[in-house]
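Here's the structure we're looking at; comments come further down.
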Amino acid sequence: MHIGIVTLFPEMFTALTDYGVSGRACRSSVVQLDFWNPRDFTEDRHRTVDDHPYGGGPGMLMKTEPLVAAIRQARQRLLDNGREKKEQSIEVRTVYLSPQGKPLNHTKVVELSRLGSLVLICGRYQGIDARVIEKEVDEEISLGDFVLSGGEIAAMAVVDALLRLQPGVLGDEDCSRHDSFTEGLLHCPQYTRPQEFEALEVPPVLLSGDHAAIAAWSNKQSLGNTWLKRPDLLADLELTDEQKGLLNQFRDDFQS
Ligand code: 9WO
């Protein structure tokens with residue numbers, strides 16, 4: 001994957017590029033990140049990147065011309081790169097991270113992870129001119145109903161989620177297929193040593209070595225957890241007869 005990131009604060013992305021699984025993916029050829037700073041596209045002596053909103057009021061917006069120049073350069077680099085690799089059709093999706101966007105979920109992460117190239121726009125201040133959204137942005141994405149001081153942390157979250165789905169990023173190729181949400185369900189409870197922690201025991205089935213019993217228990221707990229904590233997710237699923245049976249068992253256990 002090749003991702004262009006438009007940001008006034010590229011240094012923030014060391015949190016993504018220098019640590020852990022995402023750091024390793026960035027050092028390998030699984031993903032290439034390019035940073036485009038609107039400040040580098042200013043033409044005035046003060047390198048101004050903010051501007052006043054029409055209509056007045058407190059606060060500032062991102063200055064339009066340097067922002068748009070950075071976005072277009074980001075997109076051009078991805079197109080040039082795709083042509084170099086003689087890719088047939090190059091789609092560069094441009095995403096703006098904002099609380100006004102459509103809420104992100106696993107399905108959308110899978111969709112984005114399959115794109116070869118992506119431009120992420122990180123807003124600052126009170127945001128960007130509506131016409132820039134209209135002309136330059138394909139979709140607006142939100143991580144949830146809250147406001148940050150800029151789009152960078154949201155963009156890092158998106159890139160991190162995309163990286164995990166690229167082949168070879170997680171040591172065990174199958175790992176991301178077992179994540180929460182791959183089946184539309186929450187994870188089952190997980191346990192490590194010690195076997196007894198502050199008078200709480202690890203569920204005995206997990207010590208039994210009976211793989212079929214462990215799988216049934218895990219599925220039942222996943223279904224039950226989802227029913228308890230995120231019933232909205234269950235409503236979107238077609239459960240198999242086996243899953244319905246396990247969930248009914250969980251409900252019966254829960255009632256007693
Ligand atoms: C700032 C502000 C200050 C005074 C009055 C109103 C205000 N609104 C904003 C604002 O919404 N700033 C945003 C900061 C502009 C776009 C980039 N920023 C951002 C992105 N904050 N939160 C996100 C975000 C992105 C994705 N998911 C959740 C939050």
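Read the numbers this way: they start at 1 and go in the same order the structure lists the ligands and their atoms. All of these numbers come straight from a predicted model, not from anything done at the bench.
Sorted by first and then second residue, the pairs that involve residues 6-51 and meet ring pair (Phe, Tyr, Trp, His ring centres under 6.0 Å), not counting sequence neighbours, are Phe13-Phe35. Counting only residues at least two apart or on different chains, the ring pair (Phe, Tyr, Trp, His ring centres under 6.0 Å) pairs with a member in residues 196-246 are Trp227-Phe254. Every pair tested for ring pair (Phe, Tyr, Trp, His ring centres under 6.0 Å) that includes a residue from residues 95-114 fails, sequence neighbours excluded, so the list is empty.
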Pairs of nitrogen or oxygen atoms, one from ligand 1 and one from the protein, closer than 3.5 Å: please tabulate them with distances.
residue: ligand 1; atom: 12 (N); partner: Tyr125; partner atom: O; Å: 3.0
residue: ligand 1; atom: 21 (N); partner: Leu148; partner atom: N; Å: 3.2
residue: ligand 1; atom: 21 (N); partner: Leu148; partner atom: O; Å: 3.0
residue: ligand 1; atom: 22 (N); partner: Leu148; partner atom: N; Å: 2.8
residue: ligand 1; atom: 27 (N); partner: Leu143; partner atom: N; Å: 2.8

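Remark: the Asp34 side chain and the Gln32 side chain contain an N/O donor-acceptor pair separated by less than 3.5 Å.
Contact check for Asp51 versus Met62: no side-chain heavy atoms found under the 4.5 Å cut-off. Between Arg164 and Leu170 the shortest side-chain heavy-atom distance falls below 4.5 Å.
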